[in-house]
Peer 1: 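For reference, the structure I am asking about is given below.
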Protein chains: 4
Amino acid sequence: MVDAILQASARVLLKHGYAGMSTNVVAQQAGVSIGSLYQYFPNKASLLTALHNRHAEQMAQSIEAILAAPGGHGLRGEVVRLVRAAMAAHEMEPELHRQLEKERPFFESPTDEPGLSGDIHRHILRLLQEHPDVVAHSDLALAAWMTMRMTESLVHTAVLHPPHDLDAVRIEAAIVDAIHAFLTYPRAG
Amino acid sequence: MVDAILQASARVLLKHGYAGMSTNVVAQQAGVSIGSLYQYFPNKASLLTALHNRHAEQMAQSIEAILAAPGGHGLRGEVVRLVRAAMAAHEMEPELHRQLEKERPFFESPTDEPGLSGDIHRHILRLLQEHPDVVAHSDLALAAWMTMRMTESLVHTAVLHPPHDLDAVRIEAAIVDAIHAFLTYPRAG
Amino acid sequence: MVDAILQASARVLLKHGYAGMSTNVVAQQAGVSIGSLYQYFPNKASLLTALHNRHAEQMAQSIEAILAAPGGHGLRGEVVRLVRAAMAAHEMEPELHRQLEKERPFFESPTDEPGLSGDIHRHILRLLQEHPDVVAHSDLALAAWMTMRMTESLVHTAVLHPPHDLDAVRIEAAIVDAIHAFLTYPRAG
Amino acid sequence: MVDAILQASARVLLKHGYAGMSTNVVAQQAGVSIGSLYQYFPNKASLLTALHNRHAEQMAQSIEAILAAPGGHGLRGEVVRLVRAAMAAHEMEPELHRQLEKERPFFESPTDEPGLSGDIHRHILRLLQEHPDVVAHSDLALAAWMTMRMTESLVHTAVLHPPHDLDAVRIEAAIVDAIHAFLTYPRAG
DNA sequence: GATGAATGAGGGTTCATTCAT
DNA sequence: TATGAATGAACCCTCATTCAT
């Protein structure tokens, strides 16, 4: 029942946005009475929260799986996995993701949400520490933050607002290049 | 009067979001009767549109001014100006900008307004063409798109969701580094 | 509940007309919340429609009953029944009837509902055909239309705008006379 | 200016009904400022009243002219003139007339204004008195009232809701017949 | 637990009317 | 006198939430 409600919520949210998402309509679409909906969810906002959490979990699983998968070696291999993980996560239910994000960002500053983005932040930090020879940064915290933001925002844009005249595969490669270039880029200071 | 209404709109929008922004409250905050509000704006959505347009114009002016200003030479100098322009634009009214972004899709055509972002895209393309010796890309369209997205999204995040433990100046430098590294990064293909 | 709402609608409609009939006031008068009103009626106009339909049904029943009742024989007897039926129908809720007539055109198709008036028209036609010896008309369609209009409009006026110095009984008799005279009146053509 | 306003009122009234007739729109259509409108008419209802009066005057003139015109002799000739006068009056601006009828009751005393209809009533009374030989009624007041109502309501219906399959000329003749039949119809009492 | 009829605060919007210019 | 910007009460309607069954 909870699941039917969440599915209906997602459907209605996508079609009409949060403001246009009526709890009565959600209940009806879920084939459930409005009373039952309120037995499982205290209010309208909690539908979004639940949807958000569910989606975050799915994304986390997908990301973990890809990050742990075998693949290219070295820093570049890690970056490739990172970007692939981000793309997979964003491609999961892109439109839902977008709506959800609108009301409550997924990737807030790492300290805010200890869950997903904290894990990723730690993963990236470890990754940078494990390749001291090629990473040209002294401030690893800053480098990790930049890496995470670049990954997230470039992938986000690439998946949700893809430029119609550019090839998806080449965009992905370009994102990997950008991150790798940033990490290994020798600078003055 | 139009201005008072728009200011009040911005204030209420920031505090309560679009759904929670009552036209009556906006009028009251503007010190204007609800009737007067509707004499200048045909409906609630038009408040957002006007706010958006005004903001876009201000941003465009700011960006143009900074891009045309004198400054460092060479590709890096250009990138610095680009990032500075983006930061200035985003710092203008960051929270308003964010809300506007959030609500826009439901009220306007999904196509990014071609004006501003088109101009910038062209500017970046020209910039890349003018530095063929250091730009390590053959597909300039892709490089320009990446440059624009990196600038926009990294600056956006840095301004609107700044990590509390990192220095703004160093973040700006890191963004410049990232873009410059991407542009000059020698790759296999 | 539907009935309480309709009764309140009728009351308010009579007092203030359609334009001055506020749905909130109707709900309040019905002892029902405005939300409940809108659970049973999709909008304000539908209140009128429902009122109209209910009234039309009641009138139809009353008319049928009287037309089928035993009574005087011959054409005159039929005309008496016809006029009595019309008077009973108009006396049912005369003021409501009047308001309903007034507002209807804006909400319904301009064609008179075929149900009631069509039935009566047919009834009259048959009636004329059954008394060929006394009916002095060759064009029965025209005669039927005139009969119906005379009945309706004379009764309407007599009931809704009765002249204060004339006796209702004698008016009814005069209406019967007029119709009977028209039907049996020998003319040149 | 007054005239421009009244013409615009009539136009808007016909198009949108009284409820949908906005004083601002009327002023605009009249090419006059809303302030000026309120300089000549104290409120919205007075527009209707003025329109009504103007229309009544025109009708009165038309009716008087036709009633005084030469024509057929005898009672039947008078009835013909009466019906012609009524038809001319109703055909003047039928739709405006209809709208005016619809809204009037809310703005005027329920007693028919003594002006026009009083005059006609007197005219009919005199007419009946002048033909004692053919008029088969002892209660002339009742006969006059019936004559007036028959004329008005039959003509009203014939002009404003003409049956599509009947000839206007024959309808007019039938109305004359009906009235004449009623007046000369010999009855028991 | 499940239901869904009932609630009513509150929302966007209109328009008759006023009054300073 | 003519103007029209300004007013704000009031309207129709929605929808998150409750609670008796």
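In what follows, chains carry the letters A, B, and so on, assigned in the order in which the sequence lines appear, proteins first and then strands, with residues in each chain numbered from 1. Worth knowing before you read on, the calculation uses all heavy atoms, side chains too, and leaves out hydrogens, waters and symmetry mates.
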Peer 1: For DNA chain E, which nucleotides open and close the run of contacts to chain C, 5' to 3', at under 4.0 angstrom from a non-hydrogen atom?
Peer 2: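 That gives a stretch of E/dA5 to E/dA9.
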Peer 1: With Watson-Crick and G-U wobble geometry limited to distances under 3.5 Å, how should the secondary structure of DNA chain F be encoded in dot-bracket form, using | for bases paired to another strand and [ ] for crossing pairs?
Peer 2: .||||||||||||||||||||
Peer 1: Let me confirm one number: the CG-CG distance from A/L37 to A/L47, rounded to the nearest 0.5 Å.
Peer 2: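 A/L37 atom CG to A/L47 atom CG measures 5.5 Å (nearest 0.5 Å).
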Peer 1: Report the residues that fulfil side chain to side chain donor-acceptor pair (under 3.5 Å) with B/E95, sequence neighbours left out, ordered by chain and then residue number.
Peer 2: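 Expected list: B/R98.
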Peer 1: Mind calculating the distance between NE2 (C/H16) and P (F/dC12) to the nearest angstrom?
Peer 2: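 Spelled out: NE2 on C/H16 to P on F/dC12 is 12 Å.
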Peer 1: Could you list the residues that satisfy side chain to side chain contact (heavy atoms under 4.5 Å, CB included) with B/E93, not counting sequence neighbours?
Peer 2: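 Expected list: B/H55, B/Q58, B/L96.
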Peer 1: Going by the rule side chain to side chain donor-acceptor pair (under 3.5 Å), which residues pair with D/S36 if we only count those two or more places apart in sequence or in a different chain?
Peer 2: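 Listed in chain order: D/S33.
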Peer 1: Show which side-chain atoms of residues 39-46 of chain D pair as donor or acceptor with protein atoms under 3.5 Å away, not counting sequence neighbours.
Peer 2:
residue : atom : partner : partner atom : Å
D/N43   : OD1  : D/A45   : N            : 3.3
D/N43   : OD1  : D/S46   : N            : 3.0
D/K44   : NZ   : D/Y18   : O            : 2.9
D/K44   : NZ   : D/M21   : O            : 3.0
D/S46   : OG   : D/N43   : N            : 3.4
D/S46   : OG   : D/N43   : O            : 2.5

Peer 1: Mapping B/Y38 and D/P42 to their closest nucleotides on DNA chain E, which lands nearer the 5' end?
Peer 2: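 The answer here is B/Y38.
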Peer 1: Here's a test of your reading of the structure: between D/Q39 and A/A19, which maps to the more 5' nucleotide of DNA chain F?
Peer 2: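 Nearest nucleotide further toward 5': that of D/Q39.
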Peer 1: So, using side chain to side chain donor-acceptor pair (under 3.5 Å) as the criterion, who are the partners of A/S153 when residues are at least two apart?
Peer 2: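 Partners of A/S153 by the side chain to side chain donor-acceptor pair (under 3.5 Å) criterion, ordered by chain and then number, come out as B/S153.
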Peer 1: Just jot down the salt bridge (Lys or Arg N to Asp or Glu O under 4.0 Å) partners of C/E152, sequence neighbours excluded, or say none.
Peer 2: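 Residues passing salt bridge (Lys or Arg N to Asp or Glu O under 4.0 Å) with C/E152: C/R149.
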Peer 1: Both B/N43 and C/G35 contact DNA chain E. Which one's nearest nucleotide lies toward the 5' end?
Peer 2: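 Going by which nucleotide is closer to the 5' end, it is C/G35.
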Peer 1: Please indicate whether C/E91 has more than 12 foreign heavy atoms, meaning atoms of other residues, nucleotides or ligands, lying under 6.0 Å from its CD.
Peer 2: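 For C/E91, atom CD is crowded (more than 12 foreign heavy atoms under 6.0 Å).
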Peer 1: Please name all residues satisfying side chain to side chain contact (heavy atoms under 4.5 Å, CB included) with C/A8, sequence neighbours left out, ordered by chain then number.
Peer 2: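 Scan of C/A8 (side chain to side chain contact (heavy atoms under 4.5 Å, CB included), adjacent residues dropped) gives C/R11, C/V26, C/Q29, C/A30.
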Peer 1: When we call it a touch if two heavy atoms are under 4.0 Å apart, what does A/F41 touch: a base, just sugar-phosphate, or nothing?
Peer 2: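 No contact.
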Peer 1: Report the residues that fulfil side chain to side chain donor-acceptor pair (under 3.5 Å) with A/Q7, sequence neighbours left out, ordered by chain and then residue number.
Peer 2: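 Counting only residues at least two positions away or on another chain, A/Q7 forms a side chain to side chain donor-acceptor pair (under 3.5 Å) with A/D3.
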Peer 1: Give me the residues of residues 22-34 of chain D where at least one heavy atom lies under 4.0 Å from an atom of DNA chain F, by number, or none.
Peer 2: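 Those residues whose heavy atoms fall under 4.0 Å from DNA chain F, taken from residues 22-34 of chain D in numerical order, are D/S33, D/I34.
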Peer 1: Mind calculating the distance between CE (A/M21) and C1' (F/dT14) to the nearest angstrom?
Peer 2: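 Distance check: A/M21 CE to F/dT14 C1' gives 16 Å.
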Peer 1: Mind checking what makes ring-ring contact (aromatic ring centres under 6.0 Å, His included) contact with B/H90, not counting sequence neighbours?
Peer 2: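 Residues passing ring-ring contact (aromatic ring centres under 6.0 Å, His included) with B/H90: B/H97, B/H156.
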